[in-house]
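Have a look at the structure below before the remarks.
Residue numbers start from 1 in every chain, and the chains themselves are labelled A, B, ... in the order their sequence lines are given, proteins ahead of strands.
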There are 2 protein chains.
Amino acid sequence: METSNLKKAGLKVTLPRMKILEILEQSETRHLTAEAIYRELLDSGEEIGLATVYRVLTQFEAAGLVCRLHLEGNQAVFELERGGHHDHIVCNQCGRVEEFYDETIEQRQQRIAADHGFSIRDHALVLYGDCSDESCPRRPAS
Amino acid sequence: METSNLKKAGLKVTLPRMKILEILEQSETRHLTAEAIYRELLDSGEEIGLATVYRVLTQFEAAGLVCRLHLEGNQAVFELERGGHHDHIVCNQCGRVEEFYDETIEQRQQRIAADHGFSIRDHALVLYGDCSDESCPRRPAS
DNA sequence: GATAGTAATGAGAATCTTGTTCATCGAGCG
DNA sequence: CGCTCGATGAACAAGATTCTCATTACTATC
């Protein structure tokens with residue numbers, strides 16, 4: 001496995017951390033809740049506690065390996081930080097998440113912040129709408 | 001007081017609802033947590049339960065009187081809906097919140113959503129940074 | 001390869017925010 | 001003024017996340 005990411009981040013290479021990183025890498029949804037990761041660990045037969053999942057994810061976030069998103073407010077989702085920054089569109093019906101990056105918006109944000117006397121460090125932009133995926137309205141949010 | 005807002009929204013005019021509306025109107029921060037409103041009620045000598053505060057705020061939100069924001073993820077803040085939509089800049093240091101509206105960003109969002117096959121219903125944009133208020137870094141987040 | 005030191009983990013309790021239940025109360029209508 | 005039904009209060013409940021603390025397991029060292 002890729003233990004180098006962990007080492008580079010100054011984190012000890014432990015089984016829970018490797019497994020969680022692995023799940024994040026192999027997931028096709030790219031956006032997982034702590035609960036979802038926990039369930040996957042259990043399904044793989046790993047004896048890893050939910051508290052550890054939260055702890056590890058928080059450390060990963062601090063190390064810049066993942067970022068934490070509050071797409072719906074109640075439960076945070078985590079995604080692997082692979083390079084570029086991006087924002088998200090969430091479907092209100094099926095919960096599907098798409099990513100986008102828009103240079104114009106990024107620049108306007110800098111400009112607006114400067115006009116208000118702020119130096120921007122981060123931002124969260126989430127669009128909520130209805131997707132046109134034909135399988136959407138029937139599929140409940142995962 | 002302005003009981004007309006309540007009546008217009010189809011809500012019975014009760015003491016808790018009037019008081020909460022009053023607090024929202026008179027607050028200078030414009031962004032209050034349910035807890036903060038609850039404490040203000042207690043300080044005014046009102047015997048209103050926290051559950052009622054949450055209930056009333058949820059009703060106000062459904063009625064379009066206030067909108068609920070998740071500026072930091074853990075606790076929601078409520079602000080009175082006075083006319084136009086806007087987004088927010090939050091200072092990481094002092095928690096101060098400024099509002100802004102940018103037509104360019106709004107339009108880009110519509111465009112991006114359309115490109116992804118979404119019809120936008122809502123969006124949340126929060127910029128996080130450091131404000132240049134001279135009293136900022138020393139003042140703890142309220 | 002064995003060992004010590006220290007950080008990481010697991011299990012459950014704790015916390016924080018928000019919502020629900022149910023008996024009581026009060027607003028609004030006749 | 002009394003009735004009816006929605007609103008309230010108090011306590012409890014639920015969901016997400018964090019904390020505690022005893023135990024375990026990396027990592028570096030020998």
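- The residue L15(A) sits apart from the nucleic acid: no heavy atom pair falls under 4.0 Å.
- Between dT18(D) and Y54(A), no contact under 4.0 Å exists linking OP1 or OP2 to a side-chain N or O.
- Dashed line: the shortest gap from a side-chain N or O of T14(B) to OP1 or OP2 of dG6(D) is not under 4.0 Å.
- Looking at every heavy atom in both residues, I48(A) comes nearest to P16(A) through CD1-CA, 3.6 Å.
- Under 4.0 Å is where a charged nitrogen must lie from a carboxylate oxygen, and between D43(B) and R39(B) no such pair does.
- Taking only side-chain nitrogens and oxygens, R17(A) comes nearer than 4.0 Å to OP1 or OP2 of dA8(C).
- An OP1 or OP2 oxygen of dA8(C) is reached within less than 4.0 angstrom by no side-chain nitrogen or oxygen of T52(A).
- Contacts of E47(B) with the nucleic acid, taken as non-hydrogen atoms under 4.0 Å apart, involve only primed sugar atoms and P, OP1 or OP2.
- Here the nucleotide nearest the side chain of P16(A), chosen from dC26(D), dT17(C), dG10(C), is dG10(C).
- OP1 or OP2 of dT18(C) has not a single side-chain nitrogen or oxygen of T58(B) nearer than 4.0 Å.
- Comparing atom distances between the A51(B) side chain and each of dG10(C), dA16(D), dA10(D) picks out dA10(D) as nearest.
- The number of heavy-atom neighbours closer than 6.0 Å to CZ of R30(B), taken from other residues, nucleotides and ligands shown, is above 12.
- When all heavy atoms of I37(A) and I23(A) are compared, the closest pair comes out as O-CD1, 4.0 Å.
- As a whole-Å value, the separation of L41(B) CG from dA10(D) P is 13 Å.
- Residue A76(B) is in sugar-phosphate contact alone, with no base atom involved, counting any heavy-atom pair closer than 4.0 Å across all strands shown.
- Comparing R55(B) and V56(A), the nucleotide of DNA chain C nearest to each residue sits closer to the 5' end for V56(A).
- Nearer to the 5' terminus of DNA chain C, by closest-nucleotide assignment, is the contact made by A34(B) (compared with the other of A34(B) and K7(B)).
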